[in-house]
Every structure is written in structure tokens, then in C-alpha cells.
Amino acid sequence: MSEEMYKEMAQSIIDGDSDKSVELAQKAIEIQMHPLDAITKGFVVGVNYIGDQFGKGEAFLPELVMAGEAMKAAVATLDPELRKLGEAREIMGRVVLATVEGDIHEIGKTLVGTMLSASGFEVYDIGVDAPADKIIGKAIEVDANIIGMSALLTTTMVRQREVIDELEKEGLRGKFKVIVGGAPITREWYEKIKADGYSEDAIGAVKLAKELVGKE
Ligand code: B1M
């Protein structure tokens with residue numbers, strides 16, 4: 001049953017069919033499928049497939065856009081269920097979250113934000129295409145514990161380093177922990193730019209954030 005539904009979920013993203021992806025997300029809620037399973041075993045499989053096809057020149061931008069929309073709609077439908085997963089009500093800390101300047105990929109970043117909120121963090125998601133001064137300004141404004149930056153493009157991941165360099169320049173590096181993530185981000189990269197941690201997925205980001213604020 002689940003295997004069949006995961007396949008349908010992936011296919012709805014490949015087809016760029018937002019109505020279908022939302023319908024399947026609603027069905028997943030009804031049958032009490034774990035929302036993260038619906039995302040990682042179902043919808044993400046489809047978006048990765050389209051991403052690979054696009055990379056090989058076998059799918060084109062409109063298909064990528066439609067797959068992105070269908071993915072976004074499915075994740076938004078599951079969002080309230082994801083939020084219910086968090087058991088902790090103690091405030092863990094404040095996180096400023098953004099996708100870096102020049103980059104408009106938002107699905108993974110938003111998912112990370114939802115999971116952090118569900119785990120008790122106060123999340124200030126300042127959206128996509130966020131320049132360094134906006135990220136740092138928000139972190140100062142809300143007295144953040146953590147700055148989280150997502151980058152999905154090899155051309156924009158360098159912006160993560162720019163934010164860290166800017167923090168250094170302004171004498172603020174010690175004030176905030178910095179975590180990075182996104183498809184091209186590796187351990188080697190986070191160590192190179194001297195971030196405080198990186199994670200390959202949303203669950204790992206929560207674990208890391210808790211460690212960094214001394215709550216795990
Ligand atoms: Co674009 N795109 N895209 N895209 N897109 C990729 C990233 C790409 C790998 C596809 C490919 O060619 N195979 C490729 C990048 C190649 C490269 O840099 N080497 C690419 C490209 C080239 C582009 C454009 C340049 C295409 C063009 O215009 N010619 C363009 C760039 C626009 C821009 O940003 N300036 C572009 C545009 C788009 C859309 C707008 C159409 C759409 C995004 C829609 C949206 O977000 N609203 C889109 C999509 C959907 C993708 C793929 C297919 C899927 C991304 C996604 O949402 N994944 C992607 C291929 C791929 O990654 N397989 C691709 C699902 C999401 C849940 O996973 O975002 O990885 P992800 O997040 C994960 C982890 O990475 C991690 O946790 C998340 C949850 O598990 N994580 C963090 C993420 N952020 C984190 C932060 C953390 C910790 C963990 O701490 C702070």
C-alpha cells in the first residue's frame with residue numbers, strides 16, 4: 001500500500017501535477033502516514049528524478065518549475081503535521097534561516113525551518129535570495145543563537161562563506177553559531193569555510209542545532 005503510494009507521490013512531482021501532489025499529501029494525513037516518510041520516500045524521489053533529468057538535458061526548465069511547484073504544494077499541505085511531530089515545548093533557541101543571495105530554492109530550507117520549529121526553536125525564516133547584510137541584520141535584531149544558510153547551487157554556496165567572512169569582519173563571529181546545508185554542501189566545504197556545522201537533511205539540522213545550543 002505505502003510502496004504504491006510513494007510511487008504515485010513521486011509521479012505527481014514528475015508530472016508537475018500540484019492538484020495530485022496535494023491530494024496525495026492529504027491522503028497521507030488521513031491514513032496517518034508519517035509526514036517525513038511521505039516527503040523523503042515519496043515526493044523527494046520525484047523531485048530528484050526531475051533534477052537528474054534536467055542535469056542531463058533530458059528535462060527542461062518549465063518541467064523543473066512545475067515539479068518545484070508540486071513539491072512545494074505537497075510540503076505545505078504536510079506542514080501542520082510536521083509541526084505536530086515536535087514534542088518539546090521548551091524554547092531551544094532562536095534561529096535565523098535563509099537561502100543565500102542569488103539562490104531562490106526554498107523547499108529544503110522551509111522544511112528545515114518547519115522541523116526546527118517543531119522541535120522548539122524560534123525560527124525567523126527570512127526567505128530566499130537573502131544578502132549577507134539582511135541575514136546578519138536579522139540575527140542581531142532577534143539576538144539569534146544560530147544562523148542557518150541554505151544553498152542549492154554550486155555558484156551560490158560561496159555566499160555562505162561571504163556571510164561568515166562578514167561576521168568576522170564585524171567582530172560578530174563569536175556571537176552566532178553558523179550552520180549550512182543544501183544539496184552541494186559537504187563536510188569538506190563546511191570545514192573549509194569554518195562554519196559550525198552542516199547537515200544533509202532536516203532531521204540532521206535539528207540534531208545539530210540542539211547540539212550547538214547545548215540541548216543535546
Ligand atoms: Co534548480 N537546480 N535551478 N530549481 N533544482 C538544482 C539544485 C540542480 C541540482 C538541478 C540539476 O541540474 N540537476 C541545479 C544546480 C546545479 C549546480 O549548481 N551544480 C539547478 C539549477 C541549475 C537551477 C537553475 C539555474 C535552472 C535555470 O534557471 N537554468 C535555476 C536557479 C534559480 C536560482 O536559484 N537563481 C533553478 C530553479 C529551480 C526552480 C525555481 C525551478 C525549482 C525551485 C522551486 C522552489 O524552491 N520553490 C528548482 C528545483 C525544484 C530543483 C531541484 C530539482 C530540487 C530541489 C528541491 O527542492 N529538493 C534540484 C535538484 C536536486 O536537488 N535534486 C535543482 C527537495 C528538497 C527537500 O531538498 O533542497 O536539497 P533540498 O533540501 C534538503 C537538504 O539539502 C537539506 O535538508 C533538506 C531537507 O532534507 N538542507 C539543509 C537544505 N538546506 C539546508 C540548510 C541546513 C541544513 C540542511 O542548515 C541551515
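Computed from a prediction, not measured in an experiment: that's the story for all the values here. Side chains are part of it too, since the values below use all heavy atoms of this structure and drop only hydrogens, waters and symmetry mates.
More than 12 non-hydrogen atoms from other residues, nucleotides or ligands lie less than 6.0 angstrom from CD of E58. Heavy-atom neighbours of E200 CD from other residues, nucleotides or ligands within 6.0 Å: at or below the threshold of 12. When the shell of 6.0 Å around OH of Y49 is examined, it contains 12 or fewer heavy atoms from other residues, nucleotides or ligands.
Q160 places a side-chain N or O within 3.5 Å of a backbone atom of M149 that can act as its donor or acceptor partner. The backbone N or O of E106 sits nowhere less than 3.5 Å from a side-chain atom of T99 that would complete a donor-acceptor pair. In this structure, the side chain of E191 does not engage the main chain of E188 through any donor-acceptor pair within 3.5 Å. The closest donor-acceptor contact from the side chain of D17 to the backbone of S12 lies at 3.5 Å or more, if one exists at all. Side chain of D103 to main chain of D129: no donor-acceptor pair is present (N/O by atom type, distance under 3.5 Å, no hydrogens or angles). Panel note: side chain R94, backbone V142; a donor-acceptor pair is recorded below 3.5 Å.
With contacts defined as side-chain heavy-atom distances shorter than 4.5 Å, the pair L82/L36 qualifies. Side-chain contact between F43 and L24 is present, with at least one heavy-atom pair separated by less than 4.5 Å. Within the 4.5 Å cutoff, side-chain heavy atoms of M9 are placed close to those of M33. Side chains of R173 and D196 form a contact here, defined as non-hydrogen atoms less than 4.5 Å apart. Looking at heavy atoms from C-beta onward, S150 lies out of side-chain contact with H105 at the 4.5 angstrom threshold. The closest side-chain heavy-atom distance from V44 to M71 is below 4.5 Å. Annotation: side chain of E101 is not in contact with side chain of K134 (no heavy-atom distance under 4.5 Å). Counting only heavy atoms from C-beta outward, the side chains of I179 and V95 never approach each other to under 4.5 Å.
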Checklist entry - Taking it one step at a time, do K20 and E8 satisfy side-chain contact (heavy atoms from CB on, under 4.5 Å)? => result CA-CA 9 Å; K20 187 74 183 169; E8 277 189 69; 3.8 Å; yes
Next on the checklist: Show, in sequence, the C-alpha distance, side-chain angles and deciding distance for E211 and K207, and conclude whether the salt bridge (charged side-chain N to carboxylate O under 4.0 Å, His left out) test is met.
Outcome noted: CA-CA 6 Å; E211 280 166 13; K207 191 168 180 292; 3.2 Å; yes
Next on the checklist: Working note: N145 + L212, criterion side-chain contact (heavy atoms from CB on, under 4.5 Å); need CA distance, chi angles, decisive distance, verdict.
Outcome noted: CA-CA 9 Å; N145 307 91; L212 290 173; over 6 Å; no
Checklist entry - Yes or no on side-chain contact (heavy atoms from CB on, under 4.5 Å) for T114 and V75, after CA distance, side-chain angles and deciding distance? => result CA-CA 10 Å; T114 298; V75 174; 6.0 Å; no
Item to check | Residue pair L167, I147: steps toward the side-chain contact (heavy atoms from CB on, under 4.5 Å) verdict | outcome: CA-CA 11 Å; L167 285 169; I147 293 175; 4.1 Å; yes
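Between E30 and K27 there is no salt bridge, since no side-chain nitrogen of the basic residue lies less than 4.0 Å from a carboxylate oxygen of the acidic one. Looking at D165 and K169, no side-chain N of the basic residue comes within less than 4.0 Å of a carboxylate O on the acidic one, giving no salt bridge.
Atom CD1 in I104 sits 10.5 Å away from atom CG in L152 (nearest 0.5 Å). The distance from atom NZ of K210 to atom CD1 of I146, rounded to the nearest 0.5 Å, is 11.5 Å. Rounding to the nearest 0.5 Å places CD1 of I193 at 12.0 Å from OH of Y198.
Hydrophobic clustering places I13 together with L78 (ILVMFWY residues linked when any side-chain heavy atoms are closer than 4.5 Å, directly or through intermediates). Follow the hydrophobic side-chain contacts under 4.5 Å out from I164 and you reach I140 in the same cluster. Clustering ILVMFWY residues whenever any of their side-chain heavy atoms sit less than 4.5 angstrom apart, transitively, puts L116 in a cluster other than the one holding V96.
Taking every heavy atom of both residues into account, W189 and M157 meet most closely at CZ2-O, 3.2 Å.
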